[in-house]
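Below is one structure, written out as structure tokens, with a few remarks after it.
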Amino acid sequence: MSNSSKHRSGRRTGSTSARFKPSELVPVDAGRRPTFTLANKLGSIAVGLVALALIVLIWIVTGPVIAEQGAGIRERAEKSLTAQAATLAETISNELRMIDQSLTIIQAAWKQDSESVDLIKWQQKMPALTGVADDLFIADENSIIRQDIIPQAVGQGVGAAYVRFPHGVLETFQSNGSSETDSLLIQGTGGPPVDARQFLMYLVRPLDHPKGWHVGASYHSAELTRLFAQAALGFNPVVALVETQHGNVQAVVGPTARRPKTDLSKSPLYAAMVRDNSGTWLGPTGIDDVERLHAFHRVPHRDMIVVVAATWDEVMEPANDLAAATRVLAGIATALVLAIAAVVIWELYTIGRRRRREKIYDRNRAEVERLRSEEAVFTAHAQLNAARLNAVVANASDGLALFDSGQRLLQWNFAFARGIGIVPRQEMPLDAMLREQIASADADRSETDSDAEVARRGSLLRAGDPAGLPVKGPGGEALILRGLPIEQGGFVLLLNGFTTWQPAPMPSPQKTPGDGINPAPLTPAPVDW
């Protein structure tokens, strides 16, 4: 017997096995069904709407906070730049006033006694003037210099000695704004050097005689560089002095001084400066077209405007950092709201699922109890019918054997076991039974002939041939073995032709149904035919 047959035999009791398991109460997994009741759905929708409202409120509040932070930082930057521009404009006004006063003194002295006026000697008497003026001269009606604190300039035209000035002179100052070039590398280690480009500017006053003669002084302000060094305006700032008649840059300090655009007459910045004497303006600087925040202030009683500008990205960097931090906090608050909403909705879902599972469990338990009651009734009827059928089959004069749809022997009676000539076994295949029957009747038959004979007999029995197969009984009777196919599967073997009837012996207590020639009583379980 094969292992599978042994396994199947171990599961059977007698000649038949149980075809069902006793009814059990199995919890139903309600997760495959909708678990939300209307109340759950309404609660979840309410929680979702509240969470959405909170999130919208968080971001609605975040926007104005960010805007307020940016506006506050911009306002502080504008105030700082405006104060610096105003301070520098006032300083330049004082320096220019000092030059005017010095020239007025020279005018008066020339008027009294022109012969006594010697600019080189007077240079030592006016240190304040020479602190902001590189040149002091007296020129004739043809602008030929007659006196000058620079001896090399005498005899030349005004400005002729300074051919570099049409393009401005580029100077490099220390990081603190001073011009001590000898110690530049030593003292300038505190920061990068300061680049400044200045163009030649003259203040001129007429003399009373000779006709057409005039006295003049150049203007060179160190305050632009000093303010630039002290202001800490960040990366790539600009401090400039612009004359308002033509929109030309007179002086510029900062990295842009290396290659500046000196004509600002067509720039939006110049239009804003002409329109308002002082104020702030955001946009590209006409000198190098970099976007900056500008503060400008007109020099009192002069056609000059001071411009102080800081790069817009540099100005708003603190605001951007604060905005990023605010958005992070808003994002954390949003995530927290979503997490709380998810937990609440999950709890509603869990409660609904638990309640539904309890209802399903109670309903299934009631159904199982009903099925168990019906099962008990059906089992009693089936056992009664099986007992009746066992009595009929066991005492029938003809032999009977039942086969399932797999052609395995399920049940037989005493007459069949007596007349077939072999000892039948539980779940014995039909072909195996026929092969043993042939072998017991004719031991000299070859294996090939036996296989052919098994195939022939099996086909006749399966086809339900009414002629059947002749079988010699134990008493010499001429028996007929017929197959009766069943539409639902399986078939019945009928062995008739017995001349004498013998009752089936009573099974002994030591034997189990199916291990001998005695059939086991039928069970109420359905048989797989």
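Values in this document were obtained by computation on a predicted structure and should not be read as measured data. Position 1 is the first residue of the sequence; numbering continues from there.
Between L54 and T334, the closest side-chain pair of non-hydrogen atoms is not below 4.5 Å. The closest side-chain heavy-atom distance from I480 to L469 is not below 4.5 Å. In this structure the side chain of L479 never reaches within 4.5 angstrom of the side chain of K472, judged on heavy atoms. Proximity of I340 to V47: side-chain heavy atoms (C-beta onward) are nowhere separated by under 4.5 Å. Residues R74 and W312 form a side-chain contact, since some pair of their non-hydrogen atoms from C-beta on lies under 4.5 Å apart. Side-chain contact check for V238 versus R292: some heavy-atom pair is nearer than 4.5 Å. In this structure the side chain of Q437 reaches within 4.5 angstrom of the side chain of V471, judged on heavy atoms. Put simply, the side chain of L409 does not reach to within 4.5 Å of the side chain of L402, judged on heavy atoms.
E369 and R365 are not joined by a salt bridge, as no carboxylate oxygen comes within less than 4.0 angstrom of a charged side-chain nitrogen. Salt bridge annotation for R363-E367: absent, with no cationic side-chain nitrogen under 4.0 angstrom from a carboxylate oxygen.
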- request: Take V492 and I486, measure what side-chain contact (heavy atoms from CB on, under 4.5 Å) needs, and give me the verdict at the end.
  value: CA-CA 8 Å; V492 178; I486 301 174; 3.9 Å; yes
Quiz item: salt bridge (charged side-chain N to carboxylate O under 4.0 Å, His left out) between D431 and R462: does it pass, once the steps are laid out?
Solution: CA-CA 11 Å; D431 290 345; R462 295 186 188 96; 2.9 Å; yes
Query raised in the report: Does the pair V252 and V239 meet the rule for a side-chain contact (heavy atoms from CB on, under 4.5 Å), with working shown?
Result: CA-CA 6 Å; V252 57; V239 174; over 6 Å; no
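The line from NZ of K261 to CG of D288 is 8.0 Å long, rounded to the nearest 0.5 Å. Separation of atoms CD1 (I66) and CZ (R327) is listed at 4.0 Å; rounding is to 0.5 Å. Put simply, CD1 on I438 and CE on M433 are 10.0 Å apart, with the number rounded to the nearest 0.5 Å. If you take CD1 on I422 and CG on L434, they are separated by 8.0 Å, rounding to the nearest 0.5 Å. A distance of 13.0 Å separates CD1 in I45 from CG in L52, rounded to the nearest 0.5 Å. Residue Y361 holds its OH atom at 9.5 Å from CG of N364, rounded to the nearest 0.5 Å.
There is no side-chain donor-acceptor pair under 3.5 Å between T82 and H297. If you check the side chains of Q426 and R408, you find no donor sitting under 3.5 Å from an acceptor. With hydrogens and angles left out, the side-chain atoms of D263 and S265 include a donor and acceptor closer than 3.5 Å.
Classification of the F403-F491 ring pair by plane angle, with boundaries at 30° and 60°, yields parallel.
The minimum heavy-atom distance linking P255 with P237 is given by the pair CD-O, 3.6 Å.
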